[in-house]
Amino acid sequence: MTLTAQIKTATEAALKSLFPKIAIPENLIAVNQTKPEFIGDYTVVLFPLVKLLRQKPDELGKQLGEQLVADNNELFASFAIVSGFLNLTIQDTYWASFLLNHFNDPHFGEKPKKDKRVMVEYSSPNTNKPLHFGHLRNIFLGYAVAEILKATGNQVIKANLINDRGIHICKSMIAWMDYANGATPESTQIKGDHLVGDYYVKFNEVYKEQVKTLVSQGMEEAQAEKEAPIMKAAQDLLRKWEAGDAATYDLWKQMNVWVYKGFNVTYKRMGIDFDKFYYESQTYLLGKAIIEQGLQKHVLFQKEDGSIWIDLSNEGLDQKLLLRSDGTSVYITQDIGTAKLKYDEYKLDQSIYVIGDEQNYHMQVLKLIMQKLNEPSANGIHHLSYGMVELPSGRMKSREGTVVDADDMVAEMVALAKTQTEEAGKTDGFSQEELNALYEMIGLGALKFYLLRVDPKKKMIFNPKESIDLHGFTATFIQYAHARICSILKKEGYEKMPKNIRFQTFQLTNAFLSGEKKLVVMLEQYSNVLEEATKELNPSAICNYAFQLAQVFNSFYDQHSISQAESQEKKHLRLMLIIMTASILRHSMKLLGISLPDKM
RNA sequence: GGUCUCGUAGCUCAGUUGGAUAGAGCAACAGCCUUCUAAGCUGUGGGUCUCAGGUUCGAAUCCUGACGGGAUCACCA
């Protein structure tokens with residue numbers, strides 16, 4: 001049980017014995033950390049209880065404080081009342097035994113395994129263009145959320161739904177057929193996803209030009225957008241594809257393989273993995289079948305032109321197209337199929353979709369459709385909606401070419417790590433291979449942290465002209481704190497000591513100093529933070545915590561020497577503190593996919 | 001226009017179910033390497049929490065309205 005939980009329980013018990021006749025709702029008991037300007041570690045807020053118990057705050061505080069200390073003298077050392085707040089000081093011996101019990105536990109903060117099965121779908125790229133900076137937020141967020149859920153005991157399946165079919169890929173295909181002269185990744189030495197993306201951009205250039213020409217010939221713009229020959233060719237290609245045309249299918253397959261190879265290089269470099277791949281091309285037919293059934297059950301309806309719709313006007317939404325009049329499927333068609341497939345394969349309790357907030361409406365519709373169709377998968381659908389990454393000039397759009405490419409960004413960050421390491425003169429004692437690994441660790445860490453440290457719900461603005469910092473609230477700061485700890489431990493010969501024997505004789509005789517206390521209080525908080533991050537599906541809580549912990553450690557490091565500690569007792573206490581600090585830093589960063597070096 | 005969402009220091013962001021004098025980082029300025037890694041530490045300056053009402057012992061936080069951003073409402077994905 002965490003300390004806050006213990007204090008809450010103790011407070012409930014104390015109130016019960018003080019006021020046996022009054023039932024006190026649990027939510028009235030608020031336990032917070034005591035503000036640094038007051039004496040104490042944890043605070044019980046008295047105001048919420050005042051009315052119910054008909055007591056003056058300070059009198060209630062005195063009674064409650066006395067009762068708490070008397071009943072729990074192993075936990076509380078003393079109490080003080082400051083204008084309606086009951087500040088409790090925790091016994092140093094409590095902290096000492098906390099450290100002895102946990103300092104060497106690499107799984108501290110984790111929760112026991114549960115039966116709950118959760119799928120986290122993230123990345124889910126289109127196969128017509130390479131990944132860009134905005135996709136990275138999705139990928140890192142999904143990965144981190146999956147890892148966090150695992151750490152808190154869930155059975156997690158990481159899924160990637162490849163949007164491998166649809167008009168978008170046909171656009172790249174048409175442009176490739178018309179303009180590529182058979183160019184391949186091999187012949188051009190261009191990474192496959194980039195090559196295919198180039199032709200997506202090409203399509204849009206040609207399309208724009210054709211629309212312009214038609215408009216200049218007197219056609220309405222809306223009409224011209226439909227009539228542009230290259231657009232009609234793309235639509236034609238989509239119909240041929242859905243009809244199973246062999247040549248179309250072969251080209252489609254070929255181009256997708258190029259893209260997958262490219263994506264895999266990117267995923268691998270970033271340390272991103274998946275347990276399960278779904279392909280839209282394999283789920284859209286299932287979606288169509290479900291829609292067909294829905295039509296027979298009259299949950300859906302068909303218009304005269306043959307298109308199939310659902311009416312959600314009773315839910316405050318409007319009518320939504322599920323299948324085009326020419327019988328081809330739209331985006332949501334395959335979503336319906338995939339949702340069912342996921343559920344049937346894994347009997348999921350929850351299915352989390354990491355998708356941008358631009359699709360809030362779409363996801364709301366999907367859930368409603370599944371509910372109306374009486375699909376058991378419906379209730380588990382959860383849209384983890386995150387804000388877009390924008391440039392100072394506005395949104396990133398692949399089709400306009402206004403994107404920061406993911407591969408370029410990674411390369412830039414790694415190069416930045418190299419430059420700054422060299423400038424700081426910190427390359428001594430590393431082999432070239434070790435240095436390269438270090439630069440990857442620092443560059444990628446900074447990038448991941450940068451995208452994860454902000455509340456996922458909020459959109460963020462990224463200015464490519466200002467490089468991502470390696471100082472302050474960054475992964476580098478945390479990596480550095482970790483390297484410092486490793487350096488001390490190495491100096492103290494910790495690695496060679498049998499781990500569990502070393503502190504067995506530890507006895508606390510001196511009070512904790514302020515820096516030591518701050519650090520141990522931070523350490524104890526970790527499980528609360530993990531729980532919070534799980535509840536909110538929010539990795540930024542972990543970023544904030546890890547940074548704060550590193551900050552408190554750095555401050556501690558400045559104040560207190562380990563190798564020159566005042567006594568053997570202090571040395572052991574501080575060793576336990578920093579061993580646990582390093583362990584939690586490693587654990588928390590691992591959840592975000594960030595590794596920490598032993599030296600840097 | 002309907003729906004949703006955001007508005008906190010010059011910039012980027014924290015701020016738990018409403019709790020004490022609203023906090024970090026960056027940028028600026030001033031200190032600290034003979035002592036476990038200065039990618040660090042210590043300090044200074046910087047705020048009408050968009051505005052106006054309301055609820056409350058107590059509001060950045062909850063409610064209403066206004067103003068200002070953004071998303072969405074496609075036979076695009």
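So you know, we letter chains A, B, ... as the sequences are listed, proteins then strands, and number each from 1. Fair warning: this is a prediction, and the values are worked out from it, not measured in the lab.
- Of the side-chain N and O atoms in A:S540, none sit less than 4.0 angstrom from OP1 or OP2 of B:rA14.
- Contact annotation for A:F47: base contact, defined as any heavy-atom pair under 4.0 Å involving a base atom.
- Of all nucleotides present, none satisfies the Watson-Crick or G-U wobble test against B:rU21 with each distance under 3.5 Å.
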Check: How far apart are the C-alpha atoms of A:Y284 and A:W241, what are their side-chain angles, what is the distance that settles it, and do they pass the ring-ring contact (aromatic ring centres under 6.0 Å, His included) test?
Finding: CA-CA 13 Å; A:Y284 80 102; A:W241 183 90; 5.6 Å; yes
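- A donor-acceptor contact under 3.5 Å is formed by the side chain of A:K426 with the base of B:rA39.
- Nucleotide B:rC29 forms a Watson-Crick or G-U wobble pair with B:rG43, both donor-acceptor distances falling under 3.5 Å.
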Item checked: Evaluation steps, side chain to side chain contact (heavy atoms under 4.5 Å, CB included), between A:I594 and A:I478 -> CA-CA 10 Å; A:I594 297 171; A:I478 293 163; over 6 Å; no
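- A:N538 comes within contact range of no nucleotide atom at all, as no heavy-atom separation falls under 4.0 Å.
- When each of B:rC36, B:rA77, B:rG69 is scored by its nearest atom to the side-chain atoms of A:K491, the top-ranked nucleotide is B:rC36.
- B:rA14 is unpaired under the criterion used here, namely a Watson-Crick or G-U wobble arrangement in which both key atom distances are under 3.5 Å.
- Taking side-chain N and O atoms only, A:Q548 has no distance below 4.0 Å to OP1 or OP2 of B:rG23.
- The listed nucleotides are B:rA39, B:rA24, B:rC41; the one nearest the side chain of A:S555 is B:rC41.
- For the P atom pair drawn from B:rA9 and B:rU61, the interatomic distance equals 15 Å after rounding to whole Å.
- A stacked arrangement is not assigned to A:F85 and the six-membered base ring of B:rG19, the conditions of a centre distance below 5.5 Å and an interplanar angle below 30° not being jointly met.
- When the P atom is used for both B:rU56 and B:rC41, the distance is 46 Å, rounded to whole Å.
- Here A:I442 lies in heavy-atom contact (under 4.0 Å) with a base.
- For A:I167, the side-chain atoms get nearest to B:rA77 when compared with the rest of B:rA20, B:rC36, B:rA77.
- Judged by Watson-Crick or G-U wobble contacts below 3.5 Å, the nucleotide B:rU37 has no partner.
- In this structure, of B:rA14, B:rC41, B:rU17, it is B:rU17 that holds the atom nearest to the side chain of A:A30.
- Across B:rG69, B:rA24, B:rC36, the shortest atom-to-atom separation from the side chain of A:I562 is found for B:rC36.
- Salt bridge annotation for A:D455-A:K457: present, with a cationic side-chain nitrogen under 4.0 angstrom from a carboxylate oxygen.
- Among the protein residues, A:K458 comes within range of the sugar-phosphate backbone only, with heavy atoms under 4.0 Å from sugar or phosphate atoms but none that close to a base.
- Of the C1' atoms belonging to B:rA74 and B:rC49, the separation is 39 Å, rounded to the nearest Å.
- Taking a pair to require two hydrogen-bonding distances under 3.5 Å in either a Watson-Crick or a G-U wobble arrangement, B:rG53 pairs with B:rC63.
- Contact annotation for A:Q551: backbone-only contact, meaning every heavy-atom pair under 4.0 Å involves sugar-phosphate atoms and none involves a base.
- Taking every side-chain heavy atom of A:F473 into account, B:rG25 is the closest of B:rA77, B:rG25, B:rU42.
- Distance A:E516 CD to B:rC36 P: 19 Å, rounded to the nearest Å.
- With A:F449 as the fixed residue, the ring pair (Phe, Tyr, Trp, His ring centres under 6.0 Å) test singles out one of A:F547, A:F477, A:F473: A:F473.
- For the C1' atoms, the distance linking B:rA39 with B:rU3 amounts to 47 Å, nearest Å.
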Next item on the list: Go through A:F140 and A:Y122 one step at a time and tell me if the ring-ring contact (aromatic ring centres under 6.0 Å, His included) criterion holds.
Entry: CA-CA 9 Å; A:F140 298 154; A:Y122 58 100; 9.9 Å; no
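- Of all nucleotides listed (B:rA20, B:rA77, B:rC41), B:rA77 comes nearest to the side chain of A:R324.
- A:S487 comes within 4.0 angstrom of a nucleotide base, judged by non-hydrogen atoms across all strands.
- Separation of the C1' atoms belonging to B:rA22 and B:rA59 is 12 Å when rounded to the nearest angstrom.
- Seen from the ring of A:F430, A:K599 counts as a face-on cation partner, given the 6.0 Å and 45° thresholds.
- Taking 4.0 angstrom as the limit, A:H471 places a side-chain polar atom (N or O) nearer than this to OP1 or OP2 of B:rG40.
- At a cut-off of 3.5 angstrom, counting only N and O atoms as typed in the model, there is a donor on one side and an acceptor on the other between the side-chain of A:T421 and the base of B:rA39.
- With A:Q223 contributing its side chain and A:E220 its backbone, the two residues share no donor-acceptor pair below 3.5 Å.
- The residue A:D428 sits apart from the nucleic acid: no heavy atom pair falls under 4.0 Å.
- A:R484 forms a cation-pi arrangement with A:Y557, by the criterion of a distance under 6.0 Å to the ring centre and an angle within 45° of the ring axis.
- For A:T43 and B:rA20, a side-chain-to-base donor-acceptor distance below 3.5 Å is present, hydrogens and geometry of angles not being considered.
- Annotated as syn: B:rC33, whose glycosidic dihedral is within 90° of 0.
- Comparing A:M460 and A:Y361, the nucleotide of RNA chain B nearest to each residue sits closer to the 5' end for A:M460.
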Item checked: Residue pair A:R574, A:E492: steps toward the salt bridge (Lys or Arg N to Asp or Glu O under 4.0 Å) verdict -> CA-CA 12 Å; A:R574 288 172 196 170; A:E492 289 299 315; over 6 Å; no
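- Contacts of A:H560 with the nucleic acid, taken as non-hydrogen atoms under 4.0 Å apart, include base atoms.
- Rounded to an integer number of Å, the gap from A:Y207 OH to B:rA77 P is 13 Å.
- Listed nucleotides B:rG19, B:rG70, B:rC36 differ in distance to A:K459; the shortest reach to its side chain belongs to B:rG70.
- As judged by a 4.0 angstrom heavy-atom cut-off over every strand, A:D326 is placed among residues making no nucleic acid contact.
- Salt bridge status for A:K418 with A:E422: present, with a side-chain N to carboxylate O gap under 4.0 Å.
- With a cut-off of 3.5 Å on both pairing distances, the Watson-Crick or G-U wobble partner of B:rU72 is B:rG2.
- Residue contacts for A:E358: at a heavy-atom cut-off of 4.0 Å it reaches the sugar-phosphate backbone alone, with no base atom in range.
- Each of A:E532 and A:R453 was assigned the nucleotide of RNA chain B with the nearest heavy atom; the assignment lying further toward the 5' end belongs to A:R453.
- With distances taken from any side-chain atom of A:V330 to the nucleotides B:rG19, B:rA77, B:rC36, the minimum falls on B:rA77.
- Nucleic acid contact class of A:P57 (heavy atoms, under 4.0 Å, all strands): none.
- Side-chain N/O atoms of A:K35 include one lying less than 4.0 angstrom from OP1 or OP2 on B:rA20.
- No N or O donor and acceptor, one from the side chain of A:D318 and one from the base of B:rA74, sit under 3.5 Å apart.
- With B:rA77, B:rA38, B:rC41 as the candidates, the nucleotide lying closest to the side chain of A:Y480 is B:rA38.
- Taking atom C1' on both B:rA28 and B:rU37, the two are 27 Å apart, rounded to the nearest angstrom.
- B:rU42 and B:rA38: their P atoms are spaced 13 Å apart (whole Å).
- Across the C1' atoms, B:rG18 and B:rA60 are found 11 Å apart, a figure rounded to whole Å.
- Looking at heavy-atom distances under 4.0 Å, A:F38 makes contact with a base.
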